[in-house]
Trainee: 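Below: one structure in structure tokens.
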Amino acid sequence: MIRAVESQPASAPVLAAYSYCETVTGQQARNFAYGIRLLPAPERRAMSALYAFSRRVDDIGDGTLADDVKVTRLEDTRALLSRIRDGAVDEDDTDPVAVALAHAAARFPIPLGGLDELIDGVRMDVRGETYETWDDLKVYCRCVAGAIGRLSLGVFGTERGARGAERAPEYADTLGLALQLTNILRDVREDAEGGRTYLPADDLAKFGCSAGFDGPTPPEGSDFAGLVHFEVRRARALFAEGYRLLPLLDRRSGACVAAMAGIYRRLLDRIEREPEAVLRGRVSLPGREKAYVAVRGLSGLDTRHVTRRTVRRRP
């Protein structure tokens, strides 16, 4: 998968559509925005279009509409995606997200089927699905996050001649799982208040947490810290595997991925140090720490570390 070639400059309506998507991204996805600001303008705009479409899907699932109405809205969004895929969205269309995503998909080899997977994942939320095992939860995580990793790779491309580039989609998918599991740990109380449980039932039972998380303290008699540390180790293993994507990307794309993933790894560190904090509110990073992670990503430190580790593993 090689980076797309330069195309003709975008028209005024397309640039306006991208501007709308970048505004949505900046307002609603600050962690994501920290990463994509490191990209050249065409890639940054394409990533904003992907985010804005994904945000629309997520907002349907998280909204207060009746479940049957949510399903109808999700299928309407899937129909719009089909129009985008078929090249049936004109530049003067009234939907700026559709205009921007259609232009991005024409310029970059974005696997738009990943957005179908996202819709499938949000439908799982609407159905109120729960997950018995990690293997069950992985199916959901691949829909709502692994697919986003693969979609993003369509924008980034891989460096020509990069050794192991054929495994880039696998690494992007795994990195998406790492980010989603971190999200699940961070949002465990918020999700419980919304009637959702994502952590596998097997894991909850193992650590005495099957009663759920409806307050600022763990269930009585549970080993909540043990549960969190168990899931943190799982997420770290996913990050370690997913980071093998970095040496396959160009410098700016690698910096973007390293920045976004780095922010979530630092969130994971905070959660590990104080597990019960996730029951009292959302754990976050201050802006200065996010900025440091972005600078670190741009410096290539994470990429060089992964490259050295990979070289040592080779026979």
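Worth knowing before you read on, the calculation uses all heavy atoms, side chains too, and leaves out hydrogens, waters and symmetry mates. The residues of the chain are indexed from 1 along the displayed sequence.
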Trainee: Do P13 and V99 touch side chain to side chain, with heavy atoms closer than 4.5 Å?
Mentor: no

Trainee: Taking the basic N atoms (NZ, or NE/NH1/NH2) and the acidic carboxylate oxygens, is any pair closer than 4.0 Å for R189 and E193?
Mentor: yes

Trainee: Can we say D135 and K138 salt-bridge, meaning some charged N sits less than 4.0 Å from an Asp/Glu carboxylate O?
Mentor: yes

Trainee: Looking at D187 and I184, would you say the former's side chain and the latter's main chain have a donor-acceptor pair under 3.5 Å?
Mentor: no

Trainee: Any salt bridge between E117 and R150, counting N to O under 4.0 Å?
Mentor: yes

Trainee: Side chains of V228 and E272: closer than 4.5 Å at any heavy-atom pair?
Mentor: no

Trainee: Looking at every non-hydrogen atom in both residues, tell me the closest pair between R280 and P216 and how far apart they are.
Mentor: CG-O, 3.9 Å

Trainee: Run the salt-bridge test on D59 and R55 with the 4.0 Å N-O cut-off and return the result as yes or no.
Mentor: yes

Trainee: For R73, I'd like to know if atom CZ has over 12 heavy atoms of other residues, nucleotides or ligands within 6.0 Å.
Mentor: no

Trainee: Applying ring-ring contact (aromatic ring centres under 6.0 Å, His included), name anything that partners Y18, two or more places apart in sequence or on another chain.
Mentor: H103

Trainee: Can you tell whether the side chains of D120 and R78 come within less than 4.0 Å, N to carboxylate O?
Mentor: yes

Trainee: Measure from the side-chain N and O atoms of R196 to the backbone N and O of D191, and report whether any donor-acceptor pair falls under 3.5 Å.
Mentor: no

Trainee: Is it possible for you to say whether V69 and V57 belong to one hydrophobic cluster, with membership spreading through side-chain heavy-atom contacts below 4.5 Å?
Mentor: no

Trainee: Quick one: does T182's side chain get under 4.5 Å of R266's, heavy atoms only?
Mentor: no

Trainee: Could you walk me through whether E91 and S11 satisfy the side-chain hydrogen bond (donor to acceptor under 3.5 Å, both in side chains) test, starting with their C-alpha distance in whole Å, then the side-chain angles of each, then the deciding distance to 0.1 Å, before giving a yes or no?
Mentor: CA-CA 8 Å; E91 290 186 358; S11 66; 2.7 Å; yes

Trainee: Could you check whether any side-chain heavy atom of R265 comes within less than 4.5 Å of a side-chain heavy atom of Y243, counting everything from C-beta outward?
Mentor: yes

Trainee: Okay, side chain of K70, backbone of G63: is any donor-acceptor separation there less than 3.5 Å?
Mentor: yes

Trainee: Heavy-atom distance under 4.5 Å between the side chains of V257 and L175, does that happen here?
Mentor: yes

Trainee: Before accepting this row, confirm whether a basic side-chain N of the pair E43/R252 lies closer than 4.0 Å to the acidic partner's carboxylate O.
Mentor: no

Trainee: Can you tell me how far the CG atom of L181 sits from the CG atom of L268, to the nearest 0.5 Å?
Mentor: 7.5 Å

Trainee: Rounded to the nearest 0.5 Å, how far apart are NE2 of H229 and CZ of R236?
Mentor: 9.5 Å

Trainee: Please report the interatomic distance CZ(R163) to OG1(T158), rounded to the nearest 0.5 Å.
Mentor: 15.5 Å

Trainee: Looking at V97, is its backbone amide N or carbonyl O close enough to the side chain of D95 to form a donor-acceptor pair, meaning the two atoms are under 3.5 Å apart?
Mentor: yes

Trainee: Any heavy-atom pair between the side chains of Y264 and F239 that's under 4.5 Å?
Mentor: yes

Trainee: Distance check, rounded to the nearest 0.5 Å: T25 atom OG1 versus R37 atom CZ?
Mentor: 12.0 Å

Trainee: Which atoms form the tightest heavy-atom contact between V122 and V144, and what is the distance?
Mentor: N-CG1, 4.3 Å

Trainee: Taking I60 as the starting point, is it possible to reach L65 by hopping between hydrophobic residues whose side chains are less than 4.5 Å apart?
Mentor: no

Trainee: Step by step, would you call S54 with L115 a side-chain contact (heavy atoms from CB on, under 4.5 Å)?
Mentor: CA-CA 7 Å; S54 301; L115 291 170; 3.6 Å; yes

Trainee: Report the C-alpha distance between E170 and R244 in whole Å, list the side-chain angles of each, state the deciding distance to 0.1 Å, and finish with yes or no for salt bridge (Lys or Arg N to Asp or Glu O under 4.0 Å).
Mentor: CA-CA 10 Å; E170 173 191 336; R244 298 178 73 176; over 6 Å; no

Trainee: Is the gap between the ring centers of F224 and F213 under 6.0 Å?
Mentor: yes

Trainee: Which heavy atom of L39 sits nearest a heavy atom of C256, and at what distance?
Mentor: CD2-CB, 3.7 Å

Trainee: Is the backbone N or O of L249 less than 3.5 Å from a side-chain atom of S253, with the two atoms forming a donor-acceptor pair by type?
Mentor: no

Trainee: Side-chain contact test, heavy atoms from C-beta onward, threshold under 4.5 Å: evaluate it for R83 versus D93 and give yes or no.
Mentor: yes

Trainee: With rounding to the nearest 0.5 angstrom, report the CD1 to CZ distance, I110 to R85.
Mentor: 12.0 Å

Trainee: Output the distance between atom CG (L227) and atom CG (L185), rounded to the nearest 0.5 Å.
Mentor: 7.5 Å

Trainee: Going by ring-ring contact (aromatic ring centres under 6.0 Å, His included), name the residues that satisfy it together with F53, two or more places apart in sequence or in a different chain.
Mentor: none

Trainee: Side-chain atoms of residues 198-207: list all donor-acceptor pairs with protein atoms under 3.5 Å, sequence neighbours left out, distances to 0.1 Å.
Mentor:
unit_1	atom_1	unit_2	atom_2	d
Y198	OH	D125	OD1	2.7
Y198	OH	D125	OD2	3.4
D203	OD2	R234	NH1	2.9

Trainee: Y140 and E129: side-chain contact (heavy atoms from CB on, under 4.5 Å), yes or no, with the steps?
Mentor: CA-CA 9 Å; Y140 170 78; E129 294 218 12; over 6 Å; no

Trainee: Check Q28 against Y51 and note the closest heavy-atom contact, atom names and distance.
Mentor: O-OH, 3.3 Å

Trainee: Using every non-hydrogen atom in the two residues, find where L112 and A105 come nearest and quote the distance to one decimal.
Mentor: CD1-CB, 3.9 Å

Trainee: Which is it for M47 and S152 under the side-chain contact (heavy atoms from CB on, under 4.5 Å) test, yes or no, and what are the steps along the way?
Mentor: CA-CA 7 Å; M47 291 294 289; S152 301; 3.2 Å; yes

Trainee: So if you build clusters from Ile, Leu, Val, Met, Phe, Trp, Tyr with side-chain heavy-atom gaps below 4.5 Å, do L15 and V89 land together?
Mentor: no

Trainee: If you look at every heavy atom in P169 and L153, which pair is closest and at what distance?
Mentor: N-CD2, 3.4 Å

